[in-house]
2 protein chains.
Amino acid sequence: MIPQKTFIEVIADGEGIFQPSLSLDCVIFGFHENELKVLLIKLRTNDNWALPGGFVFKEEDLDDAATRVLKERTGINDIFLQQFHVFGSANRSDWNIHRSNLKKDGIEIGPNHWLLKRFITVGYYALVEFAHVIATPDSSSEDCKWWDINEIDELFMDHKQILDKALDTLRLQLNHLPIGYNLLPQKFTMPELQKLYETILNKTLDRRNFQRKMTSFGILKRLKETRKGGAHRAPFLYSFDMRKYRKALKQGLHGGW
Amino acid sequence: MIPQKTFIEVIADGEGIFQPSLSLDCVIFGFHENELKVLLIKLRTNDNWALPGGFVFKEEDLDDAATRVLKERTGINDIFLQQFHVFGSANRSDWNIHRSNLKKDGIEIGPNHWLLKRFITVGYYALVEFAHVIATPDSSSEDCKWWDINEIDELFMDHKQILDKALDTLRLQLNHLPIGYNLLPQKFTMPELQKLYETILNKTLDRRNFQRKMTSFGILKRLKETRKGGAHRAPFLYSFDMRKYRKALKQGLHGGW
DNA sequence: TAGCATTGTGTCATAACGACGCATTCGATG
DNA sequence: CATCGAATGCGTCGTTATGACACAATGCTA
């Protein structure tokens, strides 16, 4: 865990090192036990959980900043990360709550402090392999863990709206991107892939039609192994055919569920 | 034309009235004589043409700022306007060119001037009815006019990239949104609508299949009038059925061309 | 070893799609 | 005013994609 001193330093020096009034928030999706999960952090200064976010260094590309935040929270380097929306309401940031909470924490900031200014935030969403993530709180938070997408009611500030927008975007992109690759382990079964789609789309799909369509994309390789131990007939394992997968990424999948 | 004094004032006072280091740029699409057009402005301080843009007032919603810029440039109030991407490279803004050009214009700014700082810009695209637009230059520009989408090679800073990204987005959205409504006059013919789609997609479509698909959406009303004077058989006029149109907007059109 | 739940594979009717034919209608032409 | 060219309205046909469902195969369990 990063020592709290860093947190105080950031609070003090932020104005000099970050792009002013600009933040980014990451909606990090994972898939585990047939449930879609989101990685959230628990701020020390607020009761609600929040999306992991950060600020942009003065000389840093926006996308690089998002990659950095993700790396810091998950330990993962090379992941699917995509900007999806900017949230720019004039009244979206209410850091005054923060201010009083910071005070409890022993940190005092003036009324003109950079953190209290109005912030625009850029939303990114990421798709990561659940098992590879090492959830790591940042210097401002006391916890960092996965939440089931359906168990999230209220979040810090407008983060719930940001999450919802990310989900909408994900659903739209599902028809254009072969999304499974980033969320599933290297080897997976067709039922697992289907569950992923069903969870994201929030509807049930016909098992046989799903398989037909999925294989028709030609981006899957059926392995010779099966997943034993499932108390029933052992399903085949699949993996993505990276060559065809990348090709499909460019052209779009043209799906309709 | 707004007097240049305002321009000088904005340059001088910008830091106090705008969100820092944040701008927005609008890609305003129109359709005229079977060509897709974009509204561009000619900056006084630069040789290249640019996208109309602006800054965000400290108390102003980001979307409101975009609406305001659009209103100022086109005179149109109620239009289709959508945020599509944030451009946040650290080196994207090179206002130093600006600085020397401003100098020629008799305006001197110091090295720490707010305009010279790094800017993040939010891209919006708008669909407007060509004939309704009254192209109006802003205080920093000497001209404002429509350009054919295919005649644009180089633009100010990274504006060409922004334009290209807007076009990509428009093509993607074409399958989800009944886009014609915003770009065509209230009454239009099927060949006109088809030309619009062909122009945006940059490919030819089969006349009969286009008609079949378009009508199958059920968002068009065929009027009893025809467009005479076209040197050939007079095509029927159509208009959008707003009730069904709005319904379709929510559900998506599920098209594939 | 029988039973059960789940997976693998196939069928069938219907809808959507792409390519194309033909008759109709407008202005232009003489 | 009859004829022609060009564009439009409307329809056909074969192929493919889709949605709903049947049946056999497999692996654990009792």
Side-chain angles (χ1 to χ4, degrees), chain A residues 33-34 174-176 178 180 184-185 187-199 201-239 248 251-257, chain B residues 33-35 171 174-176 178 180 184-185 187-199 201-239 248 251-257:
Chain A
E33 290 174 348
N34 284 341
L174 204 56
N175 287 336
H176 298 282
L184 293 172
K187 298 176 182 178
F188 53 90
T189 68
M190 193 58 76
E192 285 166 358
L193 184 59
Q194 182 180 343
K195 274 289 171 197
L196 171 61
Y197 272 72
E198 289 182 333
T199 308
L201 294 170
N202 198 28
K203 70 162 95 166
T204 58
L205 303 169
D206 183 274
R207 192 170 56 85
R208 294 144 290 192
N209 296 335
F210 178 83
Q211 165 130 350
R212 179 180 39 187
K213 181 142 194 165
M214 221 20 145
T215 52
S216 79
F217 290 147
I219 58 173
L220 294 182
K221 269 189 307 195
R222 194 171 86 174
L223 309 179
K224 298 218 169 81
E225 324 161 51
T226 55
R227 165 109 70 223
K228 302 256 184 183
H232 299 293
R233 177 169 185 174
F236 282 103
L237 286 172
Y238 289 82
S239 68
Q251 303 188 350
L253 280 188
H254 216 286
W257 301 108
Chain B
E33 290 174 347
N34 284 341
E35 300 282 357
R171 282 179 185 137
L174 204 55
N175 287 335
H176 298 281
L184 293 172
K187 297 175 182 180
F188 53 90
T189 68
M190 194 57 77
E192 285 166 357
L193 184 59
Q194 181 179 344
K195 273 292 171 196
L196 171 60
Y197 271 73
E198 289 182 334
T199 308
L201 294 171
N202 198 29
K203 69 162 93 169
T204 59
L205 303 170
D206 183 275
R207 192 171 55 84
R208 294 145 287 192
N209 294 336
F210 179 82
Q211 167 132 349
R212 185 198 342 169
K213 181 142 193 164
M214 222 21 146
T215 51
S216 78
F217 290 148
I219 57 173
L220 295 181
K221 270 189 305 197
R222 193 172 88 173
L223 309 178
K224 298 218 169 80
E225 324 162 50
T226 54
R227 166 107 72 221
K228 302 259 183 181
H232 299 292
R233 177 171 185 174
F236 281 102
L237 286 173
Y238 288 83
S239 68
Q251 304 187 348
L253 281 189
H254 218 285
W257 300 108

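A quick note: this is a predicted structure, and the numbers were derived from the prediction, not measured. In what follows, chains carry the letters A, B, and so on, assigned in the order in which the sequence lines appear, proteins first and then strands, with residues in each chain numbered from 1.
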Checking contacts here: which listed nucleotide (D:dT12, C:dG8, D:dT8) is nearest the side-chain heavy atoms of B:Pro191?
D:dT8

By salt bridge (charged side-chain N to carboxylate O under 4.0 Å, His left out) - contacts of B:Arg207 (at least two apart):
none

Kindly state each residue pair satisfying side-chain hydrogen bond (donor to acceptor under 3.5 Å, both in side chains) with at least one member in residues 217-230 of chain B, sequence neighbours excluded.
B:Lys187-B:Glu225, B:Glu192-B:Arg227

Looking at B:Arg212, I'd like to know whether one of its side-chain N or O atoms comes within less than 4.0 Å of OP1 or OP2 on C:dA15.
no

Sequence neighbours excluded, the answer for side chain to side chain donor-acceptor pair (under 3.5 Å) partners of B:Asp206 is B:Arg208

Of the candidate nucleotides D:dT18, C:dA19, C:dG8, which contains the atom at the shortest distance from the side chain of B:Asn209?
C:dA19

Regarding the side chain of A:Arg207, the nearest nucleotide among D:dC10, C:dG10, C:dG8 is C:dG8

When you check the phosphate oxygens OP1 and OP2 of C:dC17, does a side-chain N or O of B:Lys213 lie under 4.0 Å from one of them?
yes

For A:Gln211, give me all partners under side chain to side chain donor-acceptor pair (under 3.5 Å), at least two apart in sequence or on another chain.
none

Residues at least two apart in sequence or cross-chain that pass ring pair (Phe, Tyr, Trp, His ring centres under 6.0 Å) with A:Tyr197, listed by chain then number, are A:Phe210, A:Trp257

Once each nucleotide of nucleotides 25-30 of chain C is scored for protein heavy atoms under 4.0 Å, what B/S/- sequence comes out, 5' to 3'?
BBS---

Which nucleotide sits closest to the side chain of A:Arg208: D:dA22, D:dG9, C:dA19?
D:dA22

